[in-house]
Amino acid sequence: MKLESPKVTVNKSAQDTFNFLSDVKNFENLMPENISKFEVLDNDKFLFALKGMPEIILKKKETTPPNQIVLGAAGGKIDFSLTGNISEIDTTTSEVQLIFEGQFNAMMAMMIKGPINKFIETLASNMPNAINTVA
């Protein structure tokens, strides 16, 4: 299963955007309003939970500065990745798209496709504001 967020434009350079996403504590600023828990576990790992959903631990797996950050599930029953692709538009503007990929059986995929799609769209749409506020 592969889900893609809409591309969002951020009024920061690709490097600044990469730096923001590289710091896992910044993901708290991107989370939807229905978040029930957020906890930084390590420099490259955080836990979060949305109301009515199990806790998920994400760990930074791979980085390619300033263009890509890959987060992956750290333990748990499902294996997936969340990739942030960053493209430089010019020296002060970049574009970000989030891609969620995971292997799920048909039943599981049907149940989680909607909520995960909404989740990555929310992360992406919160990004321009959050990056400008923090960075």
Side-chain angles (χ1 to χ4, degrees):
M1 181 166 77
K2 182 176 181 178
L3 303 172
E4 298 180 2
S5 76
K7 292 180 178 176
V8 293
T9 302
V10 179
N11 293 324
K12 292 285 181 186
S13 69
Q15 186 63 56
D16 286 346
T17 302
F18 176 85
N19 292 344
F20 176 87
L21 292 175
S22 290
D23 188 345
V24 295
K25 77 175 185 300
N26 288 330
F27 276 83
E28 186 171 13
N29 300 313
L30 304 177
M31 291 289 160
E33 288 178 10
N34 67 337
I35 187 166
S36 61
K37 185 174 189 176
F38 186 93
E39 191 178 318
V40 174
L41 302 174
D42 212 334
N43 284 346
D44 62 352
K45 190 169 23 173
F46 65 94
L47 173 151
F48 72 95
L50 303 175
K51 288 187 179 92
M53 300 285 281
E55 291 180 355
I56 295 171
I57 298 174
L58 279 177
K59 180 178 176 59
K60 196 172 11 169
K61 300 273 190 187
E62 203 178 302
T63 58
T64 310
N67 303 110
Q68 189 177 67
I69 293 179
V70 180
L71 300 173
K77 294 179 182 81
I78 54 176
D79 188 32
F80 65 88
S81 66
L82 180 64
T83 303
N85 289 320
I86 305 161
S87 308
E88 185 171 58
I89 294 172
D90 59 38
T91 55
T92 60
T93 315
S94 57
E95 187 176 71
V96 182
Q97 182 177 38
L98 298 176
I99 298 170
F100 174 93
E101 289 184 88
Q103 297 293 324
F104 307 104
N105 66 41
M107 183 72 159
M108 175 75 103
M110 222 169 55
M111 287 174 26
I112 64 174
K113 186 176 183 180
I116 290 176
N117 220 10
K118 189 173 179 356
F119 176 69
I120 64 170
E121 284 177 10
T122 301
L123 292 182
S125 64
N126 287 344
M127 209 171 289
N129 237 2
I131 291 176
N132 288 330
T133 305
V134 172

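Of the possible polar contacts, none joining the Ser94 side chain to the Glu88 backbone as a donor-acceptor pair under 3.5 Å is found. No donor-acceptor pair closer than 3.5 Å links the side chain of Lys37 to the backbone N or O of Glu55. Listed for the Gln97 side chain is a donor-acceptor partner under 3.5 Å among the backbone atoms of Ser5. Between the side chain of Thr9 and the main chain of Glu95, no donor-acceptor pair closer than 3.5 Å is present. Checked by atom type and distance alone, the side chain of Asn67 pairs as donor or acceptor with a backbone atom of Ile86 at under 3.5 Å. Judged by distance alone, the side chain of Asn132 and the main-chain N or O of Pro128 form a donor-acceptor pair under 3.5 Å.
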>> Is there a side-chain hydrogen bond (donor to acceptor under 3.5 Å, both in side chains) between Gln68 and Asn85? Walk through the geometry before answering.
In response: CA-CA 5 Å; Gln68 189 177 67; Asn85 289 320; 2.7 Å; yes
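In the hydrophobic clustering of this structure, Met53 groups with Ile120; members are Ile, Leu, Val, Met, Phe, Trp, Tyr whose side-chain heavy atoms approach within less than 4.5 Å, directly or through other members. Residues Phe27 and Ile35 share a hydrophobic cluster, clusters being chains of Ile/Leu/Val/Met/Phe/Trp/Tyr side chains in contact below 4.5 Å.
Thr92 and Asp90 share a side-chain donor-acceptor pair at under 3.5 Å.
By the 4.5 Å side-chain criterion applied to Ile, Leu, Val, Met, Phe, Trp and Tyr, Val70 is assigned to no cluster and stands alone.
Surrounding CG of Asn43 are at most 12 heavy atoms belonging to other residues, nucleotides or ligands under 6.0 Å away.
Between Asn26 and Val24 the shortest side-chain heavy-atom distance does not fall below 4.5 Å.
Leu58 and Ala73 get closest at one heavy-atom pair: CD2-N, 4.1 Å. Contact between Glu33 and Lys51 at its shortest, heavy atoms only, is O-NZ, 4.3 Å. When every heavy atom of Leu30 is checked against every heavy atom of Ala130, the shortest pair comes out as CD2-CB, 3.7 Å.
Residue Val10 forms a side chain to side chain contact (heavy atoms under 4.5 Å, CB included) with just one option from Val96, Thr93, Asn129, and that option is Val96.
With sequence neighbours excluded, the residues satisfying side-chain contact (heavy atoms from CB on, under 4.5 Å) with Glu28 are Phe38.
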